[in-house]
2 protein chains.
Amino acid sequence: MDDAFQSLEKEKQERILNAAFKEFSEKGYKQASTNQIAKDAGIGKGTLFYYFGNKETLFNYLINEAFEIAYREYLSRIDFDETDFFNRIEEMSVLKWQVYARYERALSFMAHILMHSENYVLPEDLVKKRQKAEEIWGSLLTRNIDFSKFREDIPKETSLKFIRWTIEGFRAELEQRFKQADFQDYTNENLKPFYEEFYEHLDHLKKIYYKNSKGEQSKDVE
Amino acid sequence: MDDAFQSLEKEKQERILNAAFKEFSEKGYKQASTNQIAKDAGIGKGTLFYYFGNKETLFNYLINEAFEIAYREYLSRIDFDETDFFNRIEEMSVLKWQVYARYERALSFMAHILMHSENYVLPEDLVKKRQKAEEIWGSLLTRNIDFSKFREDIPKETSLKFIRWTIEGFRAELEQRFKQADFQDYTNENLKPFYEEFYEHLDHLKKIYYKNSKGEQSKDVE
DNA sequence: AAGATGATTGACCACTCTGGTCAGATATGG
DNA sequence: CCATATCTGACCAGAGTGGTCAATCATCTT
């Protein structure tokens, strides 16, 4: 059959895709080994080519799949009716962690190809998808946000960048910590302390970048 | 001679080291190709092995060299008598850019091996150097800093992290912009607009994270 | 039970690239 | 002119590459 791969049990599909996501995002297109992918997925090398024909087709399939996931599970779910900046960013972060827990490999793969986009020529039908995704992506933190709450003595765009960078820094630190501690089990239960840390940070950021309408700032000396 | 490499003109040494730095930091130890390094350095493959004997020795030489540079050109030059946090961070950043302009490849290489330290076993004499470097590194933004200037309503460690993350975010954005614009010429003249942007950011951060002794914050509405 | 068809495999292919060697060429200095 | 140090790329065995295919296995139909 032509789409033998589609007819597989979902679990097997996922095993194969994850193996491929992993290999490609770790080594890039050229250095990635189809042998390794097959071995990692627990199937024969011939089977892999039976499904996808050749390396390039597999790669394009992965790109499409990753974009599909990112859109379906993340971008399309943002609630643009939420106008408070910090509520929006909280919603985004929580959603992102959930997606990451479930589709870590796919998202790492996407991050890789976005980061090294110079090296890859996307097939035409994917270019549009990419543009649309980037458009939404870029508007996540700005569309329909109530910026009147922000302090006035710093340009709004600057505040926005600073907040984004701060949260990205926190995310990177978490990733580091997870890696170091061999963190595996991304259940909500296990993540609880990190969520609390995150909310604490959000509170501080709000204190910093929102207007201080109550004038609390001046209780200086301890 | 045994240290034929040391007797070369500095320029040739540097060409070879840079080629090696580049290859190793892009591909990692195993995937890096000695052929590529030789070609990139503009010397015969035999010559490379004449100098270093084998791949591993070359690699260890590079690690040592990178640490040497980081210490000599950066860590040892920080002025710990400067107690103002933002002056300290400004000094560090400027110094880092200078070093980066001159030793980009070596620093990227060091970043790579620090990032993937799980994969590499350092030779014993380097472990000590690494520890010492990390010790200094970790104290750059804390030792002999006057923390009484910071606002009191946010934990000092939190403020510190936030500032670090913000500046790291700015640095990452600059790197991105440079890459996109094929920026090559790291002369002070060319960097000027970016310096100005940086100082502006520093001012804003100071306004944000230092105590607001003059109570300026409340000039709200535009 | 026999046959047919699709799914799966790994040995195999031609080819590229690997780290490393070494006989010979070239440069240097006495 | 020799001796010694420097430098080279053809060459090596081995590993790994993407891709093929005859053979096996599994499932279903008749």
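Below, read A as the first sequence line, B as the second, and so on, with proteins coming before strands; counting in each chain starts at 1.
- Distance, Y51(A) OH to dT20(D) P: 17 Å, rounded to whole Å.
- The separation between L8(A) atom CG and dG6(C) atom P is 16 Å, rounded to whole Å.
- Across the protein-nucleic acid pair, I43(A) atom CD1 and dG6(C) atom C1' stand 16 Å apart, rounded to whole Å.
- Taking the six-membered ring for Trp and thresholds of 30 and 60 degrees, H204(B) and F162(A) have ring planes more than 60 degrees apart, a perpendicular arrangement.
- W97(B) has its ring centre less than 6.0 Å from the ring centre of Y195(B).
- If you check dA7(C), dT20(D), dT8(D) against the side chain of K45(A), the one that comes closest is dT20(D).
- Within the 3.5 Å criterion, the main-chain N or O of Q6(B) finds no donor-acceptor partner in the side chain of D3(B).
- The separation between N54(B) atom CG and dG19(C) atom C1' is 9 Å, rounded to whole Å.
- Among the protein residues, K55(B) comes within range of the sugar-phosphate backbone only, with heavy atoms under 4.0 Å from sugar or phosphate atoms but none that close to a base.
- Residue K12(A) is in sugar-phosphate contact alone, with no base atom involved, counting any heavy-atom pair closer than 4.0 Å across all strands shown.
- Rounded to a whole Å, the CD1 atom of I37(B) is 11 Å from the P atom of dG20(C).
- Listed by residue number, the members of residues 21-35 of chain A with any heavy atom below 4.0 angstrom from DNA chain D are A32(A), S33(A), T34(A), N35(A).
- Put simply, OH on Y74(A) and CD1 on I136(A) are 11.0 Å apart, with the number rounded to the nearest 0.5 Å.
- Distances from the side chain of F49(B) to the nucleotides dT6(D), dT21(C), dT8(C) place dT21(C) closest.
- Y50(B) has its OH atom 19 Å from the P atom of dG24(C), to the nearest Å.
- Look at CG on L48(A): it is 14 Å from C1' on dG10(C), rounded to the nearest Å.
- No cation-pi contact links K22(A) to F109(A), judged by a cut-off of 6.0 Å to the six-membered ring centre and 45° from its axis.
- Distance CD (Q36(B)) to C1' (dG9(D)): 16 Å, rounded to an integer number of Å.
- Both tests do not hold together for K129(B) against Y71(B): distance to the six-membered ring centre under 6.0 Å, angle to the ring axis within 45°.
- Ring geometry for W165(B) against F170(A) counts as tilted: the plane angle lies between 30° and 60°, on a 0 to 90° scale.
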